[in-house]
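Note on naming: letters A, B, ... go to the chains in the order of the sequence lines (proteins, then strands), and numbering restarts at 1 for each one.
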There are 2 protein chains.
Amino acid sequence: MARPAKVEDSVLHTKLSDVFREVGYEGATLAMLSAATGLKKASLYHRFPGGKEQMASEVMAGAETWLIEHILTPLGSKATPAARIATMIRNLDTFYCGGKKACLLNMLSSPSADRGPFANMIKNAFEVWIGALSRALVDAEFDRDTAHFRAERAIALLQGSLVVARGMATTTPFQNCLASLEHELLAPPPSLPSAVATHV
Amino acid sequence: MARPAKVEDSVLHTKLSDVFREVGYEGATLAMLSAATGLKKASLYHRFPGGKEQMASEVMAGAETWLIEHILTPLGSKATPAARIATMIRNLDTFYCGGKKACLLNMLSSPSADRGPFANMIKNAFEVWIGALSRALVDAEFDRDTAHFRAERAIALLQGSLVVARGMATTTPFQNCLASLEHELLAPPPSLPSAVATHV
DNA sequence: GTCTATAGTAAGATAGAC
DNA sequence: GTCTATCTTACTATAGAC
């Protein structure tokens with residue numbers, strides 16, 4: 001081992017992402033990121049001249065790519081709405097490790113007083129996600145308001161189940177959430193009245 | 001103004017709480033806490049010898065007290081289940097400022113690698129909250145599994161709507177959540193089958 | 001009880017050898 | 001591309017006057 005081999009970009013991003021998802025942006029230190037990746041601080045700066053902010057930014061960009069490939073694309077496919085949603089749910093289960101890993105959209109929120117460098121990326125991610133899910137529900141013959149209301153609720157429920165799972169140190173809230181999600185999204189309208197003061 | 005007057009404990013706790021709810025534990029610096037309270041750093045150490053950790057700990061304790069007074073007590077009262085839940089929802093709306101302020105249970109999670117000094121308080125808060133809501137639903141003639149499933153879901157939905165609201169910089173997800181919460185909790189069973197793989 | 005002033009420490013970031 | 005060593009800053013924490 002005269003000369004240390006280059007660490008692959010993909011594994012690097014994954015390792016960094018794991019740290020940010022676990023402790024958030026402010027909680028992540030270069031020492032942690034160094035330990036997690038196996039690269040010394042100076043090496044991280046060679047790869048990310050912008051330092052921690054650039055690392056988090058690229059991790060967020062990676063998450064956006066993942067969202068497009070594993071959520072938005074399936075949701076916009078030509079399969080039945082139920083099948084599209086089922087694919088989304090399967091991919092979410094993998095991505096969040098059954099509820100053991102948190103969501104960057106929550107963990108990277110409001111790092112600094114100006115809502116942070118990732119505020120726009122986070123806002124955009126929520127918007128396109130809700131939008132894509134909403135369109136899948138429109139394809140399932142729901143009216144636009146109901147579809148949007150349910151889509152937003154589903155994303156909130158998902159995020160919240162991860163929060164509760166983390167807080168209670170158990171994955172069951174997340175698993176229960178995923179298990180009921182498809183049925184709930186596609187349940188007949190009267191049961192879940194979207195008409196209840198939907199401020200869209 | 002020869003001698004600065006003592007800052008009241010209650011307002012002190014509120015100001016500190018606001019900072020932690022906005023930027024989390026790691027994100028909060030003594031400079032921020034000093035600016036928010038109007039007390040210099042040394043004064044904060046006089047009040048909280050344990051430093052930032054003690055401040056956050058007392059803030060969490062205050063949140064527990066609030067939870068007991070404004071959530072657990074109403075949920076355990078002798079009013080109708082619908083009335084109890086309505087009271088909870090009203091108090092939540094006030095506490096979270098209509099969705100503008102985040103939840104400590106989320107913002108104080110996992111500050112350090114060992115899940116942090118507040119992990120137990122957070123876990124307990126979720127448990128008693130879900131438990132109390134669940135019992136109110138049992139009083140509304142739901143079976144225990146359904147009650148627990150819906151209670152856990154409601155808390156998750158609430159937490160998630162705050163996450164989404166923060167991420168999207170709008171309060172509507174939270175408002176929609178609160179607006180539909182009572183109806184959803186008390187809706188007749190067939191619409192929200194609790195039988196879907198409830199791992200309690 | 002609050003303050004100014006100052007340690008002490010850990011974090012982010014850089015320089016230059018290999 | 002990675003490393004050791006160092007710099008600089010910002011944060012936590014303390015000492016002692018008022």
Problem set entry | Test log, rule side chain to side chain donor-acceptor pair (under 3.5 Å), inputs B/Gln175 and B/Thr171 | CA-CA 6 Å; B/Gln175 288 164 9; B/Thr171 59; 2.9 Å; yes

Exercise. So is B/Arg21 actually on top of B/Phe95's ring, under 6.0 Å and inside 45° of the axis?
Worked result: yes

Exercise. Is the phosphate of C/dC3, meaning OP1 or OP2, less than 4.0 Å from a side-chain N or O of B/Lys40?
Worked result: no

Problem set entry | Whole angstrom value for the distance that separates P of D/dC11 from CE of B/Met55 | 14 Å

Exercise. Can a donor-acceptor pair be found between the side chains of B/Thr146 and B/Asp143 at a distance below 3.5 Å?
Worked result: yes

Under 3.5 Å, side-chain donor or acceptor atoms of residues 122-130 of chain B against the rest of the protein: list the pairs with distances, not counting sequence neighbours.
{"residue": "B/Lys123", "atom": "NZ", "partner": "B/Glu127", "partner atom": "OE2", "Å": "3.0"}

Problem set entry | Residues from residues 41-51 of chain A lying under 4.0 Å of DNA chain C - heavy atoms | A/Lys41, A/Ala42, A/Tyr45, A/Gly51

Exercise. A/Thr87 and A/Arg84: side-chain donor and acceptor closer than 3.5 Å?
Worked result: no

Problem set entry | Integer-rounded Å distance: D/dC11 P and B/Glu53 CD | 19 Å

Exercise. Ion pair present between B/Arg153 and B/Glu184, side-chain N to carboxylate O less than 4.0 angstrom?
Worked result: yes

For this session: Starting at atom CD of A/Gln54, determine the distance to atom P of C/dG12, rounded to an integer number of angstrom.
Result: 15 Å

For this session: State which of D/dT12, C/dC3, C/dG12 makes the closest approach to the side chain of B/Leu30.
Result: D/dT12

Exercise. For the pair made of NZ in A/Lys52 and P in C/dT14, what is the distance, rounded to whole Å?
Worked result: 15 Å

